[in-house]
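First the structure, in the form of structure tokens, and then the observations on it.
The figures here come from the full heavy-atom set of this structure, side chains too, leaving out hydrogens, waters and symmetry mates. Residue numbers start from 1 in every chain, and the chains themselves are labelled A, B, ... in the order their sequence lines are given, proteins ahead of strands.
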2 protein chains.
Amino acid sequence: MQDLEKILENNNVKPTAMRLLVLQFLLDKKVAISLTDVENYFDKSDRTTLYRTLQTFVKSELAHKIEDGTGIPKYALCEENCHCEIDNDLHLHFRCTNCNETVCITDYKIPTISLPKGYIAEDVNLVVKGICDKCSHN
Amino acid sequence: MQDLEKILENNNVKPTAMRLLVLQFLLDKKVAISLTDVENYFDKSDRTTLYRTLQTFVKSELAHKIEDGTGIPKYALCEENCHCEIDNDLHLHFRCTNCNETVCITDYKIPTISLPKGYIAEDVNLVVKGICDKCSHN
DNA sequence: ATGAAGAATGCAACGGAAGTGCATTAATTA
DNA sequence: TAATTAATGCACTTCCGTTGCATTCTTCAT
Ligand SMILES: [Mn+2]
Ligand SMILES: [Mn+2]
Ligand SMILES: [Zn+2]
Ligand SMILES: [Zn+2]
């Protein structure tokens, strides 16, 4: 698919070979992935490059970083026209304790959270832990 | 305060010297604390002991472990009669990006989250990131 | 009281993963 | 084509959780 290059260019990211491969990997995987996941998949390539590739993707709003409670950051591609804004784009994440996968539940946006006086919300992270779709029905 | 011993005993934790000290520390601090925080405060004592003390507190439902998105687990004392149950006890946590403190907002319980079919929720983690009380009004 | 069993503690080492500095290579642009 | 800039690769560091094992302390039965 040559659309890959366009995806990157649309976000002002130069389409290098490695970036195209990582982007493809993210597109194929329907779950959130860690740096180690990418590293294991592309065991030829260097960890730092992959690390910085993910950083670049996040900075350019192509992907978002997910803190799922494991302490290991995960990454997933953003949806079309996502700017990771607190009132529009933030969705719920689900981490399965069985298969250990973390997925974006993009259909379930995070509701506006009310806070005590004085607190200013800039970002909201909602992670539900439990048994996922696949793991529950068998 | 001699109540400390009772607190521990009520949760079936033997009141050793170190545990009493850590418990006092948790009571004094009104914010969630990390293992490193405890370690720095009790710079005499050993890291492992403090680590296991916190583990013990969590296992005995005296404290809860907080994943605030930093990747560094924090700990805070539970409220009275808390069993960290998904529909009763879970509350919102706030992490200030200015003073870098994480606090329990125990007054704001986490609402029931609806999920797509097949998903079973066992735990919910809601962390709001932003500017806290103290840091905003000055 | 005394010795054995168990629990808590302290020490040392390990391992995973993020992050940084710097040299090297590739791509742009003048 | 030379110079500048960006991307990559390698080595190394740091941080922190975790574990194994020896040692000390506590509890309890004899
Ligand atoms: Mn997501
Ligand atoms: Mn809390
Ligand atoms: Zn699963
Ligand atoms: Zn603050």
* For DNA chain D, determine which residues of residues 29-42 of chain A have any heavy atom closer than 4.0 angstrom to one of its atoms, and list them numerically. =>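 Per residue number, the list is empty: none.
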
* To do: Not counting sequence neighbours, which residues clear side-chain hydrogen bond (donor to acceptor under 3.5 Å, both in side chains) with E9(A)? List them please.
  =>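 Once residues adjacent in sequence are excluded, E9(A) has no partner under the side-chain hydrogen bond (donor to acceptor under 3.5 Å, both in side chains) criterion.
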
* Taking only Lys NZ, Arg NE, NH1 and NH2, and the carboxylate oxygens of Asp or Glu, determine whether E101(B) and K134(B) approach each other closer than 4.0 Å. =>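 Looking at K134(B) together with E101(B), the answer is yes, because their closest N to O distance falls below 4.0 Å.
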
* **Heavy-atom donor-acceptor pair, R19(B) side chain to K14(B) backbone, under 3.5 Å** =>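 Yes; at least one donor-acceptor contact below 3.5 Å.
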
* Asked: For the side chain of D68(B) and the backbone of T70(B), is there at least one donor-acceptor N/O pair under 3.5 Å apart?
  ->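 Yes; at least one donor-acceptor contact below 3.5 Å.
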
* To do: Assign a letter to each nucleotide of nucleotides 6-12 of chain C from its 5' end: B, base within under 4.0 Å of a protein heavy atom; S, sugar-phosphate only; -, no contact.
  => -SSBBBB

How many Å lie between [atom1] on [X] and [atom2] on [N], as a whole number?
{"X": "I72(A)", "N": "dC15(D)", "atom1": "CD1", "atom2": "P", "result": "19 Å"}
{"X": "K59(A)", "N": "dG19(C)", "atom1": "NZ", "atom2": "C1'", "result": "13 Å"}
{"X": "E9(B)", "N": "dT27(D)", "atom1": "CD", "atom2": "C1'", "result": "15 Å"}
{"X": "E67(B)", "N": "dG17(D)", "atom1": "CD", "atom2": "P", "result": "10 Å"}
{"X": "K65(A)", "N": "dG19(C)", "atom1": "NZ", "atom2": "C1'", "result": "11 Å"}
{"X": "Y51(B)", "N": "dG20(D)", "atom1": "OH", "atom2": "C1'", "result": "13 Å"}
{"X": "L50(B)", "N": "dT19(D)", "atom1": "CG", "atom2": "P", "result": "17 Å"}
{"X": "Q55(B)", "N": "dC16(D)", "atom1": "CD", "atom2": "C1'", "result": "13 Å"}

What donor-acceptor contacts under 3.5 angstrom involve side-chain atoms of residues 80-92 of chain A, with partners at least two apart or in another chain?
residue	atom	partner	partner atom	Å
H83(A)	ND1	E61(A)	OE1	2.8
E85(A)	OE1	N88(A)	ND2	2.8
D89(A)	OD2	H83(A)	N	2.8
D89(A)	OD2	C84(A)	N	3.0
D89(A)	OD2	E85(A)	N	3.0
H91(A)	ND1	D89(A)	O	3.3
H91(A)	NE2	H64(A)	NE2	3.3
H91(A)	NE2	H93(A)	NE2	3.1

* Is any side-chain nitrogen or oxygen of R47(B) closer than 4.0 Å to OP1 or OP2 of dG17(D)? ->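 Indeed, a polar side-chain atom of R47(B) lies that close.
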
Donor-acceptor pairs under 3.5 angstrom involving side-chain atoms of residues 112-129 of chain B: please list them, not counting sequence neighbours.
none

* Closest heavy-atom contact between A32(A) and K74(A)? ->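 Of all heavy-atom pairs spanning A32(A) and K74(A), the closest is CB-CB, 3.6 Å.
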
* Sequence neighbours excluded, which residues qualify as ring pair (Phe, Tyr, Trp, His ring centres under 6.0 Å) partners of Y108(B)? ->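 None.
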
* Criterion side chain to side chain contact (heavy atoms under 4.5 Å, CB included) against T102(B), the qualifying member of I66(B), I33(B), I72(B) ->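 One option only clears the test, and that one is I66(B).
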
